[in-house]
Amino acid sequence: MTRRPSPQRDAARLARSAAQAATTAAKGAELAVASAQVIAARLAIMGANQTGLPTGGVVREMALMVPEKTEAFAAAGVSMAGHLGSIAATGAQAAVRESAHAAEACADIAMARNPVELAAAQARYMTGWFSRAAASAVALTALTTRLHADALDPIHRTATANARRLAK
């Protein structure tokens, strides 16, 4: 049995999604600043090396770059893959449910005995469709907002940790 769309539940879910989107946007801004700080610090480390030959500090710092990025982006990709499965399943479930509603509406329309019953059957279907479409949009918004937050997290964590470490 599926739950009926609830405007109150949808509004609360949208509010949570909006708050999460704002947090993710702030993390995105922090990521941009931290990335610039890390790039500047690493360029300074390389520029301070007057010999032109890699020294211990330069080699250590440069050796961190590829593995840490690979690890952070791999974690983001794994997170996204998991979320995409949920998004696809939610969309597929909505499509199956809507197909059943459409079949029921077709039967109601076919059994209409006059134009008034025909219009009433169409109106019932369209009213329900708008409500179901809004509920599905809210559900998909919540899922994609979570995907964005979780995918950004390992990249943000790595860049801000590097910025703190290199600022010392």
Side-chain angles (χ1 to χ4, degrees), residues 1-39 64-164:
M1 181 170 144
T2 60
R3 290 192 306 192
R4 296 183 57 102
S6 162
Q8 294 82 10
R9 189 173 50 245
D10 288 348
R13 199 170 192 185
L14 277 176
R16 285 190 305 273
S17 292
Q20 186 167 46
T23 299
T24 301
K27 277 188 168 183
E30 288 174 359
L31 172 61
V33 170
S35 296
Q37 291 170 338
V38 169
I39 291 166
L64 289 174
M65 290 170 49
V66 172
E68 73 188 10
K69 283 179 181 55
T70 302
E71 186 177 315
F73 278 92
V78 167
S79 174
M80 288 176 66
H83 285 290
L84 289 172
S86 296
I87 291 169
T90 298
Q93 290 166 351
V96 167
R97 280 192 309 270
E98 199 53 43
S99 294
H101 286 292
E104 185 179 312
C106 286
D108 287 348
I109 290 168
M111 292 189 300
R113 293 175 291 186
N114 57 53
V116 172
E117 286 182 6
L118 175 81
Q122 288 176 330
R124 277 192 305 276
Y125 175 71
M126 289 309 298
T127 302
W129 179 85
F130 279 112
S131 177
R132 292 185 302 274
S136 291
V138 168
L140 289 171
T141 296
L143 290 170
T144 55
T145 303
R146 181 86 243 151
L147 177 148
H148 293 152
D150 290 351
L152 180 65
D153 194 49
I155 300 164
H156 173 268
R157 191 172 42 252
T158 300
T160 55
N162 280 339
R164 285 190 301 275

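Just the heavy atoms: all of them, side chains too, but no hydrogens, waters or symmetry mates, feed the values below.
Between G28 and L152, the shortest heavy-atom contact is N-CD2, 3.7 Å. Minimum heavy-atom separation, T145 to A21: CG2-N, 3.7 Å. Nearest heavy atoms, A151 versus I155: O-CD1, 3.9 Å. A159 approaches V38 most closely through the heavy-atom pair O-CG2, 3.7 Å. What you find for A149 and T24 is that their closest heavy atoms are CB-OG1, 3.3 Å.
In this structure, K69 NZ and N162 CG are separated by 7.0 Å, a value rounded to the nearest 0.5 Å. Expressed to the nearest 0.5 Å, how far OG1 of T127 lies from CD of Q122 amounts to 11.0 Å. The distance from the OG1 atom of T23 to the NE2 atom of H148 is 14.5 Å, given to the nearest 0.5 Å. Note: W129 CH2 to E98 CD = 8.0 Å, rounded to the nearest 0.5 Å.
Taking the side-chain hydrogen bond (donor to acceptor under 3.5 Å, both in side chains) definition, one finds that D153 meets it with K27, R157, sequence neighbours left out. Qualifying side-chain hydrogen bond (donor to acceptor under 3.5 Å, both in side chains) partners for H83, counting only residues two or more places apart in sequence or in other chains: D150. Residues satisfying the side-chain hydrogen bond (donor to acceptor under 3.5 Å, both in side chains) test with E30, not counting sequence neighbours, are H156. Annotation: side-chain contact (heavy atoms from CB on, under 4.5 Å) contacts of A75 (sequence neighbours excluded): P154. Looking at residues two or more places apart in sequence or on another chain, you find a salt bridge (Lys or Arg N to Asp or Glu O under 4.0 Å) between E68 and R42.
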Residues S35, L31; criterion side chain to side chain contact (heavy atoms under 4.5 Å, CB included); working and verdict: CA-CA 6 Å; S35 296; L31 172 61; 3.7 Å; yes
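Residue pairs meeting the side-chain hydrogen bond (donor to acceptor under 3.5 Å, both in side chains) criterion with at least one partner in residues 112-121, sequence neighbours excluded, are R113-E117. Annotation: salt bridge (charged side-chain N to carboxylate O under 4.0 Å, His left out) contacts involving residues 14-24, sequence neighbours excluded, are absent.
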N/O donor to acceptor pairs below 3.5 angstrom from side-chain atoms of residues 136-143, sequence neighbours left out:
| unit_1 | atom_1 | unit_2 | atom_2 | d |
| --- | --- | --- | --- | --- |
| S136 | OG | R132 | O | 3.2 |
| T141 | OG1 | A137 | O | 2.7 |

